[in-house]
Protein chains: 2
Amino acid sequence: MSQSKHQLTPTEWEIMEAVWRLLETEPSGEISVRDVVDRGVFEPAKAYTTVQTLMNTLQRKGVLKRRKVGLVNFYRPVFERREMVDRATSSLLDRLFEGSGLKLVNFMMDNSKLSGDEIEALQEMINRHREEEE
Amino acid sequence: MSQSKHQLTPTEWEIMEAVWRLLETEPSGEISVRDVVDRGVFEPAKAYTTVQTLMNTLQRKGVLKRRKVGLVNFYRPVFERREMVDRATSSLLDRLFEGSGLKLVNFMMDNSKLSGDEIEALQEMINRHREEEE
DNA sequence: TCATTGCTACTACAATCGTAGTAGGTCTAC
DNA sequence: GTAGACCTACTACGATTGTAGTAGCAATGA
């Protein structure tokens, strides 16, 4: 079936979001299943072994790297969140907007995904972007 | 598992894209499996029964409506493409950008999903949008 | 009339997803 | 030194996904 490479399912995203978030305050850059279970927020809660299975799947998919310290497995993300978001966004872009970011923005404007305030902020972004380009 | 409501898998999207496209030149607003198989473009090609199964799944999910004429089933989309794109986009927005369209646009600008030309076009869009608001 | 064509309904089946239980091995605190 | 606590590896299992085959029936054309 799919499994192509680093495409995540919604539940795997949930786990990864927790991993990235928790690692912000984790100087070692590594994290255990226990950390994710205890400090991640899941609604509804997930069993320890469920999280364990998911993290091992993520390891198999090459999204987490696993390292055994003593008896305990520690995991570290292979990619930054930004990279994964990029892939997911590109995938949506390719599938639904013929790869055109402009079409996506256009769609959002036409479908109220951007409020008036946000469009003002967007204008600011464009201005800043132009300055950076010079 | 998921099946929540009208969330499509990549392959189901492929079918629906073909259905919407073919219906543009189909005054009846209905289409058969045969139409999709013969006139849809799939890479690699899909067996007749594969398309049949997928279209029945889409019917079960409430995305296509089925009507038997004589012996043959005809299908019609329940939603316009725009509606489904809206759902998929909102889903990505919620999962990865905290529901903020602005964050998504920001991300795209920072990650070269928008070329310089496209940003100009975006500026045009904003201007037009402002005029419409007045 | 009867073989071919074409369609539907049903079935199959491996892979994946989401969730979790169980067995068995260390560590630790009494 | 032994009973919990805690962790890992393995297994399970129903649902879904993606792909397709088969049986059977209707229309059709020779």
Side-chain angles (χ1 to χ4, degrees), chain A residues 1-19 28 30-76 88 91 95, chain B residues 1-19 28 30-76 88 91 95:
Chain A
M1 244 202 299
S2 67
Q3 105 295 351
S4 53
K5 203 93 192 92
H6 305 126
Q7 195 74 309
L8 305 190
T9 67
T11 311
E12 286 163 358
W13 265 104
E14 259 192 289
I15 299 290
M16 287 308 296
E17 293 284 16
V19 168
S28 70
E30 289 185 326
I31 202 170
S32 68
V33 173
R34 173 58 55 196
D35 292 326
V36 176
V37 171
D38 286 357
R39 304 201 285 129
V41 181
F42 303 108
E43 192 45 40
K46 294 189 190 306
Y48 182 94
T49 46
T50 302
V51 176
Q52 188 191 29
T53 305
L54 285 165
M55 288 175 75
N56 287 335
T57 302
L58 287 162
Q59 186 248 325
R60 188 173 48 72
K61 287 191 176 185
V63 176
L64 287 177
K65 216 167 192 47
R66 195 168 67 165
R67 186 170 80 93
K68 199 154 198 167
V69 179
L71 293 172
V72 182
N73 285 318
F74 285 86
Y75 300 76
R76 78 169 58 239
S91 163
R95 260 190 311 118
Chain B
M1 243 203 300
S2 67
Q3 104 295 351
S4 54
K5 205 96 191 93
H6 305 127
Q7 195 74 306
L8 306 190
T9 67
T11 311
E12 286 162 358
W13 266 105
E14 259 192 289
I15 299 291
M16 288 306 295
E17 293 284 17
V19 169
S28 71
E30 289 185 326
I31 202 170
S32 67
V33 173
R34 173 58 55 198
D35 292 326
V36 176
V37 171
D38 286 356
R39 304 202 284 131
V41 181
F42 302 108
E43 191 46 40
K46 295 189 188 309
Y48 182 95
T49 46
T50 302
V51 175
Q52 188 191 28
T53 305
L54 285 165
M55 288 176 76
N56 287 335
T57 302
L58 286 162
Q59 185 249 325
R60 187 175 46 73
K61 286 191 176 183
V63 177
L64 287 177
K65 216 168 192 48
R66 194 167 68 165
R67 186 171 80 93
K68 198 152 197 169
V69 179
L71 294 173
V72 181
N73 285 318
F74 285 86
Y75 300 77
R76 78 169 59 239
S91 162
R95 262 190 309 120

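Proteins come first, then strands; the chains are lettered A, B, ... in the order of their sequence lines, and each starts at number 1.
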Taking the minimum atom-to-atom distance to the side chain of [X], which one of [options] wins?
X: A:N73; options: D:dA9, D:dC7, C:dA9; result: D:dA9
X: A:R66; options: C:dG18, D:dG18, D:dA9; result: D:dA9
X: A:K61; options: C:dT8, C:dC17, D:dC7; result: C:dC17
X: B:E12; options: C:dT19, C:dC7, D:dT17; result: D:dT17

Atom [atom1] of [X] to atom [atom2] of [N]: distance rounded to whole Å?
X: A:K68; N: C:dT26; atom1: NZ; atom2: P; result: 10 Å
X: B:Q59; N: D:dT16; atom1: CD; atom2: C1'; result: 17 Å
X: B:M55; N: D:dT19; atom1: CE; atom2: P; result: 15 Å

Taking every non-hydrogen atom, the tightest pair across [X] and [Y]:
X: B:Q7; Y: B:S91; answer: NE2-OG, 3.4 Å
X: B:M55; Y: B:L64; answer: O-CD1, 3.9 Å
X: A:A18; Y: A:G40; answer: CB-CA, 4.4 Å
X: B:E30; Y: B:R67; answer: OE2-NE, 2.7 Å

Compare side-chain N and O positions of [X] against OP1 and OP2 of [N] and report whether any pair is under 4.0 Å apart.
X: B:R34; N: C:dC7; value: yes
X: A:T11; N: C:dC17; value: no
X: B:Y48; N: C:dT8; value: yes

- [ ] Select from B:Y75 and A:P44 the residue whose nearest nucleotide in DNA chain C is closer to the 5' end of that strand.
- [x]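 First, find each residue's nearest nucleotide; the 5'-ward one identifies B:Y75.
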TODO: Starting at the 5' end of nucleotides 21-26 of chain D, put B wherever the base has a protein heavy atom under 4.0 Å, S where only the sugar-phosphate does, and a dash everywhere else.
DONE: BB---S
Using the 3.5 Å cut-off, write out each protein N or O paired with an N or O of nucleotides 3-5 of chain C and the distance between them.
none

Task: Pairs touching residues 46-57 of chain A that satisfy side-chain hydrogen bond (donor to acceptor under 3.5 Å, both in side chains), sequence neighbours left out - done: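 Every pair satisfying side-chain hydrogen bond (donor to acceptor under 3.5 Å, both in side chains) with a residue in residues 46-57 of chain A: A:N56-A:R66, A:N56-A:Y75.
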